[in-house]
Amino acid sequence: MEIFRTRQAVRAAVGRWKRAGESVGLVPTMGYLHEGHLALVRAARAENDRVIVSIFVNPTQFSPGEDYAVYPRDEARDLALLEAEGVDGVFVPSVEEMYPSGPAAVGTAVDPGRLGRILIGRLRPGHFRGVATVVSKLFNIVQPDRAYFGEKDYQQLLVIRQMVRDLDMPVTIRGVPIVRDADGLAMSSRNVRLSPADRAAAAVLSRALDAAEARMAEGPVTAAALRRLIEETIRAEPRAEIRSVDVRDAATLAPLRGIVRRPAVALLAARFGDVFLIDNRVLTPPVAPPGP
Ligand code: PAF
């Protein structure tokens, strides 16, 4: 497994592979890898000749006062995990390598528009602009054939798909299903920062989504009723501080009114202590039985 610290080094390796006719899959990460990341790596491994993982805690997607400084990092452990997965190359740039004039001095950025301002984008202004900008830089540096993103960051996946479509980027985006711990908590690098009591309490998020899914399976229900059910379930856990709960159109994230008649996505964000967690579930209305 090769480790690249500079843009030139990763470009030279990818150039060699492409000249040999090999396809390249990229898995962009911020490190502190868990099974969710390894699922992305395995998906990339399954359909590309070469797999590159990037590890970069991107400062431009954190607002002042967020957890950039304390975001968990462990490069040696990450590299050992990736070596065991048979990854071909790991791109581990410094902040100076990615932003030579400094992260605050970036003149050109990718603005995802409305999709970047709603939901998580409202809670974290500028977040998706930072994500879209760094992901487009990674695509330009690595020039992968395919790139892999977790469905846990549902809005992020839609932002990236939109960016690739709007800017005609020659890369295929793959979404990979959420990986959960045994109690249902979606895997996240941030879970390690939860206190033991908050870690146990955080399982309420997937229980709330289970409740919504079960309600949807019972028959016609409004988006507002699903949202109330999710909120009530989370409120029963005193350690959870709800930041947002929304039930939106699964394809566009547009608000839904009345009975849900097409695939919806329940998106939630909550804090446990100072740790911000998100989760989601696509809820598909049951198909009505054929008439007599
Ligand atoms: O999902 C993440 O880990 C990050 O947002 C990403 C896509 C690597 C961009 O920094």
Side-chain angles (χ1 to χ4, degrees), residues 34-36 62-63 65-67 70-72 117-125 127-128 150-158 175 177-250 252-260 262-286:
H34 51 66
E35 276 299 317
F62 293 80
S63 304
E66 288 189 348
D67 55 352
V70 294
Y71 195 86
R117 287 192 297 272
I118 60 173
L119 302 165
I120 299 283
R122 204 165 38 82
L123 296 176
R124 305 183 66 189
H127 170 68
F128 287 115
E151 289 174 358
K152 183 175 81 71
D153 295 295
Y154 193 92
Q155 188 174 356
Q156 168 173 283
L157 182 55
L158 293 196
I178 299 176
V179 179
R180 297 180 179 279
D181 269 335
D183 65 355
L185 180 65
M187 296 222 174
S188 163
S189 305
R190 290 190 166 99
N191 292 352
V192 71
R193 298 190 50 240
L194 293 165
S195 69
D198 285 338
R199 168 63 194 79
V204 73
L205 301 183
S206 70
R207 284 204 305 278
L209 295 171
D210 292 344
E213 194 171 15
R215 177 63 193 86
M216 179 68 114
E218 279 170 18
V221 60
T222 62
L226 288 170
R227 182 181 160 168
R228 275 196 305 276
L229 175 61
I230 293 170
E231 282 179 353
E232 279 159 17
T233 310
I234 300 176
R235 272 207 203 96
E237 171 47 70
R239 303 189 78 88
E241 181 202 327
I242 296 178
R243 297 302 313 279
S244 70
V245 175
D246 286 275
V247 177
R248 299 277 179 121
D249 181 289
T252 62
L253 299 186
L256 290 172
R257 268 180 245 304
I259 302 284
V260 179
R262 52 184 193 272
V265 60
L267 299 147
L268 52 87
R271 278 170 69 110
F272 293 81
D274 68 345
V275 182
F276 180 83
L277 298 181
I278 59 173
D279 201 350
N280 70 77
R281 185 84 48 90
V282 173
L283 305 170
T284 307

Without swapping roles, check the side chain of [X] against the backbone of [Y] for a donor-acceptor pair under 3.5 Å.
X: Arg199; Y: Asn191; result: no
X: Tyr154; Y: Ala266; result: no
X: Asp181; Y: Asp183; result: no
X: Glu35; Y: Met187; result: no
X: Ser63; Y: Glu66; result: no
X: Asn280; Y: Glu151; result: yes

Which salt bridge (Lys or Arg N to Asp or Glu O under 4.0 Å) pairs, counting each pair once, include a residue from residues 214-223, with sequence neighbours left out? Arg215-Glu218
Considering non-hydrogen atoms only, spot the tightest contact between Pro72 and Ser189 and give its length. CG-O, 3.3 Å
Taking the side chain as C-beta and beyond, is there a heavy-atom pair between Phe128 and Arg117 under 4.5 Å? no
Among Arg180, Arg243, Lys152, Arg190, which residue meets the salt bridge (charged side-chain N to carboxylate O under 4.0 Å, His left out) test with Asp279? Arg180
Pair Arg235 + Glu231: basic N to acidic O under 4.0 Å: yes
Where do Asp246 and Arg122 land on the salt bridge (Lys or Arg N to Asp or Glu O under 4.0 Å) test, with the steps shown first? CA-CA 13 Å; Asp246 286 275; Arg122 204 165 38 82; 5.1 Å; no
Show the atom names and distances, to 0.1 Å, of all donor-acceptor pairs under 3.5 Å that link a side chain in residues 205-212 to residues at least two apart or in another chain.
residue : atom : partner : partner atom : Å
Ser206  : OG   : Gly184  : O            : 3.3
Ser206  : OG   : Ala203  : O            : 3.4
Asp210  : OD1  : Arg281  : NH1          : 3.1
Asp210  : OD1  : Arg281  : NH2          : 3.0

Taking atom CZ of Arg271 as the centre, report whether more than 12 heavy atoms of other residues, nucleotides or ligands fall under 6.0 Å from it. yes
Criterion side-chain contact (heavy atoms from CB on, under 4.5 Å) on Arg248 and Ile118, from CA distance to verdict: CA-CA 11 Å; Arg248 299 277 179 121; Ile118 60 173; 4.1 Å; yes
Give the intermediate values and the outcome of side-chain contact (heavy atoms from CB on, under 4.5 Å) for residues Val265 and Leu253. CA-CA 8 Å; Val265 60; Leu253 299 186; 3.7 Å; yes
